[in-house]
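This report refers to the structure that appears directly beneath it.
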Protein chains: 4
Amino acid sequence: MSVNSFGHLFRVTTWGESHGPALGATVDGCPPNVPVEPEMLQVWLDKRRPGQNKNTTQRNEPDAVKILSGVFDGKTTGTPIQLMIENTDQRSRDYGEISQTFRPGHADITYHLKYGNRDYRGGGRSSARETAARVAAGGLAREALKALAPGIEIQGYMTRMGEMTIDRDAFDWDAIETNDFWIPNGPEKAAEWEKYLQALRKDHNSVGAMIEVVARGVPAGIGAPVYGKLDTDLAAAMMSINAVKGVEIGEGMEAAKLKGSENADEIFMGPNGPEYSSNHAGGILGGISTGQDVVVRFAVKPTSSILTPRKSIRIDGSPTEVITKGRHDPCVGIRAVPVAEAMMACVILDHILLHRGQIGENQGTIG
Amino acid sequence: MSVNSFGHLFRVTTWGESHGPALGATVDGCPPNVPVEPEMLQVWLDKRRPGQNKNTTQRNEPDAVKILSGVFDGKTTGTPIQLMIENTDQRSRDYGEISQTFRPGHADITYHLKYGNRDYRGGGRSSARETAARVAAGGLAREALKALAPGIEIQGYMTRMGEMTIDRDAFDWDAIETNDFWIPNGPEKAAEWEKYLQALRKDHNSVGAMIEVVARGVPAGIGAPVYGKLDTDLAAAMMSINAVKGVEIGEGMEAAKLKGSENADEIFMGPNGPEYSSNHAGGILGGISTGQDVVVRFAVKPTSSILTPRKSIRIDGSPTEVITKGRHDPCVGIRAVPVAEAMMACVILDHILLHRGQIGENQGTIG
Amino acid sequence: MSVNSFGHLFRVTTWGESHGPALGATVDGCPPNVPVEPEMLQVWLDKRRPGQNKNTTQRNEPDAVKILSGVFDGKTTGTPIQLMIENTDQRSRDYGEISQTFRPGHADITYHLKYGNRDYRGGGRSSARETAARVAAGGLAREALKALAPGIEIQGYMTRMGEMTIDRDAFDWDAIETNDFWIPNGPEKAAEWEKYLQALRKDHNSVGAMIEVVARGVPAGIGAPVYGKLDTDLAAAMMSINAVKGVEIGEGMEAAKLKGSENADEIFMGPNGPEYSSNHAGGILGGISTGQDVVVRFAVKPTSSILTPRKSIRIDGSPTEVITKGRHDPCVGIRAVPVAEAMMACVILDHILLHRGQIGENQGTIG
Amino acid sequence: MSVNSFGHLFRVTTWGESHGPALGATVDGCPPNVPVEPEMLQVWLDKRRPGQNKNTTQRNEPDAVKILSGVFDGKTTGTPIQLMIENTDQRSRDYGEISQTFRPGHADITYHLKYGNRDYRGGGRSSARETAARVAAGGLAREALKALAPGIEIQGYMTRMGEMTIDRDAFDWDAIETNDFWIPNGPEKAAEWEKYLQALRKDHNSVGAMIEVVARGVPAGIGAPVYGKLDTDLAAAMMSINAVKGVEIGEGMEAAKLKGSENADEIFMGPNGPEYSSNHAGGILGGISTGQDVVVRFAVKPTSSILTPRKSIRIDGSPTEVITKGRHDPCVGIRAVPVAEAMMACVILDHILLHRGQIGENQGTIG
């Protein structure tokens, strides 16, 4: 029972504040003999890292991950793995005003009400910097998946940013890693998105986003009824990311509009097992994977830290106006893409381990 | 680590299959000295109970709850409370075909692939009957909330059923309990919905739904960063309900379309503490309650069991067509309303207990 | 986090009071496809059952176990298994005095101080009757072990009862099940023990006991550092049994007296893997099994319920003398034998599942 | 479910190997607003620290603890606290032989069999160095206890070392901190113990020990039935310490020899509540504290690393003789004293938090 941990058997506890000396992830339950080098994790941290282009915050952090335990001679030992990322670019500044004021849309006021003591420097524990630790843990999960369940591919991409949406008819997996927005469309579309975002930034504004994460090659039969469902754990994983306000599996909220005749995916026997006419289910039935693509979608609210003045109060109850200066993402959803991929990797690994523990191997066969 | 349990301190484990002798909930962590009589739980079970009107399944179950432990002299003792509901209307029938066939959109195929042994009678463990146990546990949670945090009101209602939507301009809290659909609108609207659903039923079809649950009077400061967030736990709770495909907090998926200037709720000092200009956040910031209404919304897919034939396969891999006869809800979302209320009650109680354990009392004050 | 549960993956939650309508165990995480019939569990309950001979309490309970869920067509399905035992011999009586008085050595006073509401009928939740539920769960664990890790044998026996001790030079495994005390010695020794105990009973007294449980055939490599150690979990399992005051692994408390040259078990290569010159370690090194016999020993205090008057107080603080009438075991340690075997079975199964989840198979080989 | 964690609400996960870059404890669930400075933790680490006198290992580690998160402005914030201790004296050496050989009595062979990959440098994860992290966490628990439940004193001391025993008739609390053995006797006794231990060391031998830990001022009513008992958790906590083979509460294993008339502690009404004629129970009845001293005792086996040659095998199965050179404690029990105190502090704090979460305050009153 630890409110800063997630996972059943692959258990990740993150720790650390935005402007403290370091942050990290304590990972317990990673199987032994998984080849891991810091560079294998670093590649994912670099993907999430701020300060890389003008569409994200200008804070400059190397986000260099150190492995302090649990890896020996380049392989995991089965003991806890401590992944540490030191903070380096904590600009010294006067926190006088911010320590007394609550920024609208931020966790400032709820942390104060709950704890009576918050690290107000850069958002403290509620900062999106916490997600760097998740990305490191996700990199580890990806290596373990490679060793234990090869063939699983996890890819996230944006599908919406305010008024901008992707063109699903021109969906291109290869385009995702070629633009700043992780969209599955070509450079023209990316240019449009950039123009839109820069206009918002100049207007001292920010915008929300929708992200989709797909896991291909997930074996059928992982997950569990009734509360440890694969979709339950994915929903929790995504909702736990900063600023997320909605999570969908497969058809998602749109399912409310459908008829039964439209929604159910018909089943056929294919050469390698069951195949389906469609994937409204998002690869999960009754909390257990079908073997189809697992499809998760979530919405991120617009960054609350904007230069447009907003009404608020101080700790003493007096009214004030807040203009959040500083180095903030105009669309925090962009950097949520690698974070969501990391969470997906952790959840799928966790359920593969859980399935091995409970069942051993898939026991039901068809055909 | 129990995949059939939920909750941190108020921990509910449900057990039982649709057509076994009984089902129930084992509740550990209910505080002592909460007045509880079976009738206090029965009222909620009666709300969820099937066979009450023509808009839900015609299976007739009394759903009478028995308290087998943990309550003495009409008060909880602090020890585990066993809530049992005996199944009575398990129609005897020939399961020959259904035991060999996978119904599209159902958990039949995934349970088979995972476990290699499923109770195929009426859906077994994946049946919506499992939710009766949640409703019983939720009734208990409501009584504990009354004792520990009086003034919290939890109310669910449908907001959409296929093409039908509620009229938010005519929102009427008092209307909810007066119609079969739990909609916050008057009898004309309910008549429209009924006409729509009966037409679908005659057409051998079913339909999805959207449900909203609101908790009023939740104290500020409950919840926790970073994975035990109040919204994380609510998302998991709702996603764990059968057929749910999406969960939203406050603005939900729509947040992706908003600008920062539109989304953040401004803060003012009111006579009893902070007040907000709006509630886009759904009462939760950084995983912790603000003191505003906690607003959760979710979508339920259309019942997969329909009389319209759907293509599928048998265990031996041979093709077949499935027509699901039997007593099924044309819109399973209707009966999801009391289930969602129960889950909300359990999650809020759990976080109130957790907050007491970690903090004692709200420690931050304003003004 | 449930204080009435134990186990990581094979998770048992017991519920119920001595004089309520029923008690039982909710078991989550039992692998599917384990053949289980009620009679397979009943045999262990019959072993623990009271009223069978003059050396245990005369309360007469059939202790008939019902399987309410999780088993279909004679095999486990992988879903929660509810094992219920109805109470039948709850003699109606006047509880006026006992409800106001604290029996020395009993949990009466601590339950009152903690909860302010206790079920005082027969000890309520703190009664040894709770262990019937453990025995049922242990029976299930034994069947799962048979299916998953055949060849494991678990046997408990008494080694001391007050001044009586077993003769280790005449240790006879086959004798254990032939006498009322589960001692590994012949009928002469058992007759001595019986004479001793009957004299104590006539003297209105009771006596403590020491029990040893041995698991043979446990594979090497199960367990885990550092807090989920096999010995940690065994110690917790045994200490959780009513009236237990000490737990030992292998050499136990005597290890304090030994020198390093005496204690370490030397290692040799045998035909089937490593062998050891001795088993001071009790089959566990660093929390992980060696493949030798796992040896656990524990002490049970004398029954506190005796006919000899003892000084105590009432709830109102007034002094009183307590003579505990009723049907009590003169040596509660006797019936602790099957309970300890059940706990051993549960812990070993749990660690085998955990090992499969974390490692898959033993990965290190020797020779 | 994390095998490297302990605690329900005050949850400690330790990580790190003996010869890796660092080790530490991730602590989740520490209440906010507890004053903490590194020096408050350092004092306990200094007590456990090796290399301080000739009776412990000569490895020289400063064991300087760094607080990386969860503390702001000298007070805990309620978020995870990362306590890191860097390893500095990892002597460079040739591990060729030790990497291929299993030391008798060590976890070398079981780690190898389980994981197939072990950090053999200095014992890796199974080294007693891991306990430094526990001591740091225990220091934190002590500060939280001071803030939440002032008046609790936790003190450990040795009661036996091989043939040496303390003189209980000359028990002197104040003497404990004045000698190298933490014995509650004067300098003459300590001199005897030292002479005994130095003789063993010169003889290339080692010896076992018995340690007792007493917590005074623990409020009545903490703990819980049936598996989350205070004594269950204490037994698990002590058994999880390296080399521990037995744990006792109060009368311990000796309870097996007692009669009921001798064992039960009689109850009287004192000026401030119930008082007891004796404390055979060790301050715990039915898993819940009575308000008396909580008394735990445990035995530590002799250090297996000795200079006397012992027979063993290599990974390839070939026979060998092992002489463990290096810097080892001749009696590892000495340094177990501060470790056990730390575990006691963690368990008691945890149960106080749990009690607050479940009950709020003690609810039962007497008199």
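Numbered from 1 within each chain, the chains take letters A, B, ... in sequence-line order.
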Heavy-atom distance under 4.5 Å between the side chains of D:H355 and C:K114, does that happen here?
-> yes

C:N4 versus chain D, heavy atoms under 4.5 Å apart: side chain, backbone, both or neither?
-> both

Largest heavy-atom contact set with chain C, pairs under 4.5 Å, which of D:S206, D:G105, D:G116 = D:S206

Honestly, the part of C:I109 sitting under 4.5 Å from a heavy atom of chain D is side chain

Relative to chain D, which segment of C:M343 carries a heavy atom at a distance below 4.5 Å: side chain, backbone, both, or neither?
-> side chain

Hey, which of D:E266, D:R103, D:M239 has the most heavy atom pairs under 4.5 Å with chain C?
-> D:E266

Side chain, backbone, both or neither: which part of D:H106 has a non-hydrogen atom closer than 4.5 Å to chain C?
-> backbone

Measure distances from D:M164 to the heavy atoms of chain C and classify the residue's part below 4.5 Å as side chain, backbone, both or neither.
-> neither

Please name the residue in the list D:N205, D:V207, D:D203 that meets the side-chain contact (heavy atoms from CB on, under 4.5 Å) test with C:S261.
-> D:N205

Are D:I288 and C:Y115 close enough that some pair of their side-chain heavy atoms sits under 4.5 Å apart?
-> yes

Under 4.5 Å to a heavy atom of chain C? For D:P225 that would be both

C:F102 and D:I366, any side-chain heavy atoms less than 4.5 Å apart | yes

Greatest number of heavy atom pairs closer than 4.5 Å to chain C - which of D:I249, D:V226, D:T159, D:N263 = D:V226

Side chain / backbone / both / neither for C:A209 at chain D, heavy atoms under 4.5 Å | backbone

When the 4.5 angstrom heavy-atom criterion is applied to C:S126 and chain D, the contacting part is neither

Any side-chain heavy atom of C:M253 within less than 4.5 Å of one from D:E248?
-> yes

Chain D heavy atoms under 4.5 Å from C:F298: which part of the residue, side chain, backbone, both or neither?
-> backbone

Pair count under 4.5 Å, heavy atoms only, with chain C: among D:R310, D:K229, D:M210, D:K301, highest is D:R310

Contact leader toward chain C among D:S5, D:S318, D:A243, where contacts are heavy-atom pairs under 4.5 Å | D:S5

Heavy atoms of D:L258 and C:P302 approach each other most closely as O-CG, 3.5 Å

Go through the atoms of C:I241 and report whether side chain, backbone, both or neither lie under 4.5 Å from a heavy atom of chain D.
-> backbone

Among D:V296, D:T14, D:T165, D:V322, which residue forms the greatest number of heavy-atom pairs with chain C at distances under 4.5 Å?
-> D:T14

C:K259 side chain reached by D:E163 side chain, heavy atoms, under 4.5 Å = yes

